[in-house]
Amino acid sequence: MEISLKDKVVVITGGSSGIGKSIAGSMRECSAQTIVIDLTIPSEKMERVTYYACDVSDGLEVRRTIQQIIEAFGTIDVLVNNAGINKPRLLVDIYGKDSNYVLTEEIYDQIVGVNQKGVFLCSQAAAEVMVKKRSGVIINISSESGMEGSLGQSCYAATKGAVNSFTLSWAKELGPSNIRVVGVAPGINEKTGMTSPELYEAFAYTRNVPIEQLDTGYEKAIPLGRLGKLSEIGQLTAFLASDLASYITGTTINISGGKSRG
Ligand SMILES: NC(=O)c1ccc[n+]([C@@H]2O[C@H](COP(=O)([O-])OP(=O)(O)OC[C@H]3O[C@@H](n4cnc5c(N)ncnc54)[C@H](O)[C@@H]3O)[C@@H](O)[C@H]2O)c1
């Protein structure tokens, strides 16, 4: 049995780097017409992948970009909502050492704008196309924190909880139109843009540990004893996009080496 996405038009948001790039690679490997929507277009583009610059938190830009994709490729079969940002911040400065790591209204709006509103905007624009042809798949990239909560990342985790809830509700709304809506919730993985030095400083402060300690202890926390590979998330997402997953909808699948209770 092979995963085939031949002739499927697959759109991945945030596909220029990290997990999204790996998802784009997996989709392409399964012969999908692979399209990336991202704030930034990489200088080294992947072959056989088409890129569109777009801010997913901007409704007008999303509408314009989806329209351009329809004009160029005729339809959208699969949407992967992967674009996301994270800025670790505490509700209050419980350590009393640096108030720069307190969640502000501005940062709250940024995180919710991309991780939650962006998922709504892209899904609505794509679902309009899918409903008309009575087929399609929407895959929401969540995080185990959406079910577990996360010290120092309450706003980020809350957006992922909201995304899990979108998955549940949209599966109910769109199932009768033969559209599946599925979530993928990764745990701790190989490095991506979300593990930049700036983010590490914020992680370290909000968890009250030295930066050097952030990358230790995984063996104990993850039953499989290693970080997740980006390729593993790409492969799962390609499977969920394919007809092999034709009876899977309204659920979020954890891919965390056994770490999550979710
Ligand atoms: N890295 C992890 O360990 C991990 C764990 C759990 C969940 N996730 C989720 O996986 C997804 C991808 O994360 P990643 O680690 O690959 O991050 P990343 O920073 O490497 O990639 C995110 C991509 O999204 C793009 N992006 C950001 N804001 C955007 C916007 N407004 N409009 C369009 N594109 C935008 C960025 O340019 C980037 O290419 C996110 O939804 C994240 O929450 C990641």
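First listed ligand is number 1; within each ligand, the first listed atom is number 1.
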Do [X] and [Y] have a side chain donor and acceptor closer than 3.5 Å?
{"X": "Thr251", "Y": "Arg180", "value": "no"}
{"X": "Asn140", "Y": "Thr252", "value": "no"}
{"X": "Ser99", "Y": "Asp93", "value": "no"}

*Using a strict cut-off of under 4.0 Å between a residue heavy atom and any atom of ligand 1, list the qualifying protein residues by chain and number.*
Gly14, Ser16, Ser17, Gly18, Ile19, Asp38, Leu39, Thr40, Cys54, Asp55, Val56, Asn82, Ala83, Gly84, Ile85, Val114, Ile141, Ser142, Ser143, Tyr156, Lys160, Pro186, Gly187, Asn189, Thr192, Gly193, Met194
_Rounded distance [0.5 Å steps], OG in Ser242 versus NZ in Lys6_ = 15.5 Å
*Results of salt bridge (charged side-chain N to carboxylate O under 4.0 Å, His left out) for Asp55 - residues two or more places apart only*: none
*Does any N or O in the side chain of Thr13 come within less than 3.5 Å of the main-chain N or O of Ala83, such that one atom is a donor and the other an acceptor?*
yes
